[in-house]
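What you are looking at is a predicted structure, and each value in this text was computed from that prediction instead of being measured. One-based numbering along the sequence shown. Computed over heavy atoms, backbone and side chain alike; hydrogens, waters and symmetry mates excluded.
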Amino acid sequence: MKEIFIFANEAQQDELDWGIVKWLVRPTNTGAESLTVLEATVEPGFGHDFHRHPGQEEVIYILEGEAEQYVGTERRMLKKGDSVFIGPDVVHATFNISDKPFKSLAILGPCVG
């Protein structure tokens, strides 16, 4: 078994047009085979557009703020402490329609790179 500590100031980050993704667990930084874990900060007026993850399940947990979450044809507002489970291949999207950034934790498995 491989143990790796990921400290906040050392986590790999990607700056995207909609916000920041902080990679906590993925194959390139931990060698993970079963999980991908990331923290996403989404700026007001932006979002992660409709997409799907073939063969992967996903949990999105809201750490701060509010998110407009679509899963299939269903739409819900998620607040701090709320979460959603998304099955493999299910179309989903997450948008920030508030005036403040929101932060979420996403966990996907199995890890596909």
Side-chain angles (χ1 to χ4, degrees):
M1 177 170 275
K2 185 176 186 179
E3 293 82 19
I4 296 175
F5 291 93
I6 308 296
F7 295 101
N9 63 343
E10 297 173 353
Q12 298 169 344
Q13 289 190 160
D14 288 331
E15 292 189 30
L16 306 170
D17 59 348
W18 49 262
I20 297 173
V21 173
K22 185 183 288 187
W23 297 100
L24 304 175
V25 176
R26 66 179 178 171
T28 57
N29 70 344
T30 64
E33 297 176 4
S34 300
L35 291 174
T36 299
V37 181
L38 61 96
E39 178 186 284
T41 301
V42 179
E43 296 298 324
F46 291 92
H48 193 191
D49 211 352
F50 290 92
H51 63 285
R52 67 178 79 224
H53 302 283
Q56 282 186 304
E57 298 176 321
E58 181 174 14
V59 173
I60 299 172
Y61 178 81
I62 305 303
L63 298 167
E64 296 175 9
E66 297 181 358
E68 179 184 42
Q69 182 67 54
Y70 289 84
V71 178
T73 59
E74 196 168 349
R75 175 190 161 277
R76 298 286 175 101
M77 290 303 296
L78 301 178
K79 297 180 181 180
K80 180 179 179 179
D82 293 339
S83 62
V84 60
F85 170 79
I86 304 163
D89 304 305
V90 175
V91 175
H92 59 285
T94 311
F95 298 105
N96 186 345
I97 60 172
S98 77
D99 60 353
K100 297 178 183 171
F102 79 76
K103 190 177 288 189
S104 63
L105 185 69
I107 304 167
L108 298 95
C111 183
V112 295

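Connectivity analysis of hydrophobic side chains (ILVMFWY, heavy atoms under 4.5 Å, direct or indirect) links Ile20 to nothing; its cluster partners are none.
For residues 6-34, the set of pairs meeting the ring-ring contact (aromatic ring centres under 6.0 Å, His included) definition, not counting sequence neighbours, comprises Trp18-His48.
Looking at residues two or more places apart in sequence or on another chain, you find a salt bridge (charged side-chain N to carboxylate O under 4.0 Å, His left out) between Arg76 and Glu74. The salt bridge (charged side-chain N to carboxylate O under 4.0 Å, His left out) search around Glu57 returns none, not counting sequence neighbours. The side-chain hydrogen bond (donor to acceptor under 3.5 Å, both in side chains) check on Arg75 picks up Glu68, with sequence neighbours excluded. In this structure, the side chain to side chain contact (heavy atoms under 4.5 Å, CB included) partners of Thr28, at least two apart in sequence or on a different chain, are Gln12, Arg26. Residues passing the side chain to side chain contact (heavy atoms under 4.5 Å, CB included) test with Lys79, sequence neighbours excluded: Glu66, Asp82.
Phe85 and Val71 are assigned to two separate hydrophobic clusters, defined by single-linkage of ILVMFWY side chains at heavy-atom distances under 4.5 Å. Both Tyr61 and Val25 are assigned to one and the same hydrophobic cluster, defined by single-linkage of ILVMFWY side chains at heavy-atom distances under 4.5 Å. A chain of hydrophobic side-chain contacts below 4.5 Å, direct or via other Ile, Leu, Val, Met, Phe, Trp or Tyr residues, connects Val37 to Leu63. Note on Ile60: it does not cluster hydrophobically with Tyr70, by side-chain heavy-atom contacts below 4.5 Å among ILVMFWY residues. Cluster membership for Leu38 and Leu24, using ILVMFWY side-chain heavy atoms within less than 4.5 angstrom, is not shared.
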Return all side-chain donor-acceptor pairs below 3.5 angstrom for residues 92-110, not counting sequence neighbours, or 'none' if the list is empty.
residue: His92; atom: ND1; partner: His51; partner atom: O; Å: 3.4
residue: His92; atom: ND1; partner: Val90; partner atom: O; Å: 2.9
residue: His92; atom: NE2; partner: His51; partner atom: NE2; Å: 3.0
residue: His92; atom: NE2; partner: His53; partner atom: NE2; Å: 3.4
residue: His92; atom: NE2; partner: Glu58; partner atom: OE1; Å: 2.9
residue: Thr94; atom: OG1; partner: Gln69; partner atom: OE1; Å: 2.8
residue: Thr94; atom: OG1; partner: Gln69; partner atom: NE2; Å: 3.4
residue: Asn96; atom: OD1; partner: Ser98; partner atom: N; Å: 2.9
residue: Asn96; atom: OD1; partner: Ser98; partner atom: OG; Å: 2.8
residue: Asn96; atom: ND2; partner: Val42; partner atom: O; Å: 2.9
residue: Asn96; atom: ND2; partner: Lys100; partner atom: O; Å: 2.8
residue: Ser98; atom: OG; partner: Lys100; partner atom: N; Å: 3.3
residue: Ser98; atom: OG; partner: Lys100; partner atom: O; Å: 2.9

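The two atoms that bring Ile4 and Asn29 nearest to each other are CD1-O, 3.8 Å, heavy atoms only. Closest heavy-atom contact between Cys111 and Ala32: SG-O, 3.8 Å.
Applying the 6.0 Å contact sphere to CD of Glu10 captures more than 12 heavy atoms from other residues, nucleotides or ligands.
Between Thr41 atom OG1 and Glu15 atom CD the span is 10.5 Å, to the nearest 0.5 Å.
Side-chain contact between Asp89 and Pro54 is present, with heavy atoms from C-beta onward closer than 4.5 Å. Two residues are said to be in side-chain contact when any heavy atoms from C-beta on lie closer than 4.5 Å; Lys80 and Glu64 fail this criterion.
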